[in-house]
Amino acid sequence: MHWADVESSDLPPEPLIATGITPSGPIHLGSLREILTGDAIRRASESGELLYIADTIDPLRRVYPFLNDSYEKYVRMPLSSIPCPCGSHESYADHYLEPFLETMDSLGIDCSVRYTHKMYAEGLYEDAVRKLIESKDKVVQVLTELTGRTLEGSWYPYNPRCSSCGLLGTADVISFEDPFVHYRCSCGNEGMADIRTDDGKLPWRCDWPARWWILGVDCEPLGKDHAASGGSWDTGIKIIKDIFGTSPPHPIVYEWIQLKGKGVMSSSTGVAIKGEDMIAMVEPEVVRFLLMKTKPQSHIDFDPGLPLLDLVEEYDQTEMRYYDGELEDDQKRVYELSQIDGIPEYPPRRVPYRHLVNLVQIYEDVDDMWEISVGDEYGPDDYERLNKRVEKVRYWIDNYAPGFVKFSIKREMPEVSFDEDEISFIEKYLSSIKDLDGWSDDILHSLVHSTAEEVGIQKGKAFGIFYRMILGQKRGPKLGRFLMQLDRRFLLQRMKETLEK
RNA sequence: GGGCCUGUAGCUCAGCCAGGUAGAGCGAUCGGCUCUUAACCGAUCGGCCGGGGGUUCGAAUCCCCUCAGGCCCGCCA
């Protein structure tokens with residue numbers, strides 16, 4: 001049974017699944033794992049709802065490396081109240097959230113988005129805050145017991161936001177006169193926070209169980225950092241049981257995704273691939289595939305370089321086998337859970353990604369590529385799919401491909417020279433193919449061998465001639481196939497030109 | 001010190017939850033083809049399932065112990 005089906009069998013038929021993020025920086029593939037894990041569970045359940053809770057009231061922790069120094073003054077201010085870094089979004093939080101929400105949409109994730117600053121502003125937290133404040137001693141006891149630390153005397157299960165400086169966590173609570181929390185801020189301001197509004201927030205360890213209680217959460221994927229003993233998951237369980245009197249959600253602990261050779265993905269260190277980047281380099285189905293085929297508790301070493309091609313190829317192959325009926329149940333399920341918008345009625349035909357890496361560098365224009373190279377083998381229905389994949393391949397080549405896969409056809413004769421042997425090779429080869437009717441990969445390829453033998457030069461040298469003449473570099477794509485992709489007149493013309501020099 | 005996860009073919013992993021003849025992809029080798037790469041097709045090679053013990057007619061799978069690796073564990077989230 002697929003992991004998503006196993007997990008959902010432990011849940012009520014219509015579970016409420018919650019996941020969340022603090023949008024303090026670019027949102028990366030690791031966060032995609034959280035929401036996609038939730039999405040898989042939702043799909044595996046008969047029906048149910050998936051929530052994406054953006055912790056927008058959370059304060060900016062520090063000036064991250066990707067921010068400029070002007071953000072110093074916003075440290076400790078809620079992300080929803082900080083100006084957008086680029087100026088075109090409503091807030092700092094939206095700046096990072098918006099592209100990610102678009103990515104989630106492209107991935108076919110059906111969820112409703114909640115913003116914690118709005119949840120507080122709408123008064124959703126009122127009862128929870130009151131309960132926690134009234135049970136303060138009990139809360140302190142839980143946190144002390146489970147975390148093994150002692151809380152400061154000034155600790156309070158509610159952090160007011162100072163009405164003067166706008167910062168969170170800088171005020172000491174003096175008293176609670178329902179529904180107002182009286183506080184004194186380190187900036188000198190004294191004020192009152194209304195727990196029915198977003199005048200303040202709960203500290204994380206209280207906020208999390210409060211959410212479960214308020215929303216009635218049945219299931220929540222959580223990163224392994226939360227799951228460590230004495231962590232916020234442990235304390236959350238105890239708080240929801242003892243203070244709110246209900247049960248905690250069913251947890252699904254997921255492992256981190258590492259960037260091959262660079263360590264764990266993390267927004268704050270910049271070791272990360274943004275969600276947007278993922279769907280820019282491969283189809284969204286492939287992104288889902290990566291996460292659906294891997295159990296949440298296994299860590300993933302993601303390598304966006306050459307191994308990315310293996311991933312795409314594996315997806316294509318799984319897809320073909322799905323329609324051939326060759327897949328085992330689990331693999332079938334992986335394929336189904338990887339789809340964006342239902343399972344295609346007919347098997348989608350895709351030009352192999354690996355092959356496109358070459359074609360894309362030969363043809364600037366997709367229509368030329370279609371016309372000259374792939375159109376014969378594929379039908380009109382495949383054109384749109386090709387077009388999309390070509391965009392992905394281009395993005396990959398520009399951003400993640402290793403240098404040796406890159407080349408460009410030189411429209412003008414490159415600055416290269418050839419010795420006598422090479423010239424006579426070109427002459428012989430040219431005269432062989434000039435009047436040849438049936439060009440094919442094999443013929444062009446084996447002709448290189450036979451011609452090289454006739455002229456008496458090394459074969460490696462013979463192959464190199466073409467790359468130097470056409471690409472201006474020593475190596476290039478597999479030759480027979482490559483020459484076939486070129487415009488025939490261009491190839492002949494280039495060879496003649498070389499001889500004339 | 002505590003927690004979670006992972007050790008299965010050269011590499012990446014599936015199989016473990018519901019015990020019943022050890023799998024896939026990639027790589028390698030060979031052939032197709034006197035044949036560069038990052039293509040294709042076919043075949044072959046490759047593993048006392050980290051180690052030890054237990055349960056069982058039977059263990060990669062369940063239980064206990066052990067070794068190795070990864071990550072997490074002040075506050076905050």
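Just so we're clear, the structure is a prediction, and the values are computed from it rather than from any experiment. Reminder, nothing fancy here: chain letters follow the sequence lines and each chain counts from 1.
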Taking the C1' atom in each of B:G50 and B:C5, what is the distance between them to the nearest angstrom?
16 Å
B:G70 and B:C75, which share atom name P, separated by this distance in whole Å
25 Å
Using Watson-Crick or G-U wobble geometry with both distances below 3.5 Å, tell me the partner of B:A68, or none.
B:U6
Under a 3.5 Å limit on both distances, the Watson-Crick or wobble mate of B:G1 is B:C73
Among B:A38, B:A77, B:G70, which is the nearest nucleotide to the side chain of A:Gln258?
B:G70
CG of A:Asp301 versus P of B:G7: gap in Å, rounded?
14 Å
Atom pair distance, as rounded to whole Å: CD1 in A:Ile57 and P in B:C76
16 Å
Among B:G2, B:G70, B:C76, which nucleotide has an atom closest to any side-chain atom of A:Glu255?
B:G70
A:Glu285 side chain to A:Tyr335 side chain, donor-acceptor N/O pair below 3.5 angstrom:
no
Integer angstrom distance from the P of B:C71 to that of B:C64:
27 Å
With rounding to whole Å, what would you report as the distance between B:C4 and B:U44 at their C1' atoms?
42 Å
Classify the angle between the aromatic ring planes of A:Tyr467 and A:Phe482 as parallel (below 30°), tilted (30 to 60°) or perpendicular (above 60°).
tilted
To the nearest angstrom, the OH-C1' distance between A:Tyr158 and B:C76 comes to 18 Å
Could you state the NZ-P distance from A:Lys406 to B:A38, rounded to the nearest angstrom?
17 Å
Provide, to the nearest angstrom, the distance between the CH2 atom belonging to A:Trp233 and the C1' atom belonging to B:C4.
14 Å
Mind checking the P distance from B:G52 to B:A43? Whole angstroms is fine.
36 Å
Closest listed nucleotide, where the reference is the side chain of A:Arg61 and the choices are B:A77, B:C5, B:C17
B:A77
N/O (side chain, A:Lys224) to phosphate O (OP1/OP2, B:G70) under 4.0 Å
no
Parallel under 30°, tilted from 30 to 60°, perpendicular over 60°: which one fits the rings of A:Tyr353 and A:Trp396?
perpendicular
Considering heavy-atom distances to RNA chain B, does A:Arg149 or A:Asp310 have its closest nucleotide positioned more toward the 5' end?
A:Asp310
Span that lies between the P atom of B:G47 and that of B:G42, in whole angstrom:
24 Å
Using 30° and 60° as the class boundaries, would you call the ring planes of A:Phe425 and A:Tyr429 parallel, tilted or perpendicular?
parallel
Does B:A18 have a Watson-Crick or wobble mate here (both distances under 3.5 Å), and if so which one?
none
Go through B:A77, B:C4, B:A38 for me and flag the one nearest to the A:Asn358 side chain.
B:A38
Quick check: on RNA chain B, is the nucleotide nearest A:His226 upstream (toward 5') of the one nearest A:Val357, or the reverse? Name the residue that is more 5'.
A:Val357
Looking at B:A43, which nucleotide sits across from it as a Watson-Crick or G-U wobble partner, both distances under 3.5 angstrom, or is there none?
B:U29
What's the CZ-P distance between A:Arg205 and B:C75, to the nearest Å?
5 Å
Checking B:U36, B:G2, B:A77 against the side chain of A:Pro203 (C-beta onward), the nearest is B:A77
In whole Å, measure the gap between the C1' atoms of B:U8 and B:U61 for me.
12 Å
Assign the ring pair A:Trp213 / A:Phe244 to parallel, tilted or perpendicular, where the plane angle (0 to 90°) is split at 30° and 60°.
parallel
Contact under 4.0 Å: A:Lys295 side-chain N or O vs B:G15 OP1/OP2
yes
Counting side-chain heavy atoms from CB outward, which of B:A38, B:G2, B:C5 is closest to A:Ala228?
B:G2
Candidate pair A:Arg349 and A:Asp382, rule salt bridge (charged side-chain N to carboxylate O under 4.0 Å, His left out), full reasoning:
CA-CA 6 Å; A:Arg349 285 164 46 84; A:Asp382 306 318; 3.4 Å; yes
A:Phe407 side-chain proximity, nearest of B:G25, B:C76, B:A38
B:A38
Looking only at B:G15, B:U36, B:C72, the nucleotide nearest the A:Asp330 side chain is B:G15
Atom-to-atom span, CG of A:Leu479 to P of B:C40 - whole angstrom
17 Å
Check the angle between the aromatic planes of A:Tyr254 and A:Trp256 and answer parallel, tilted or perpendicular using the 30° and 60° thresholds.
tilted
Give me the distance, rounded to whole Å, that separates B:A18 from B:G74 when you measure between the P atoms they each carry.
35 Å
Rounded to the nearest Å, what distance is computed from the CD1 atom of residue A:Ile300 to the P atom of nucleotide B:C5?
16 Å
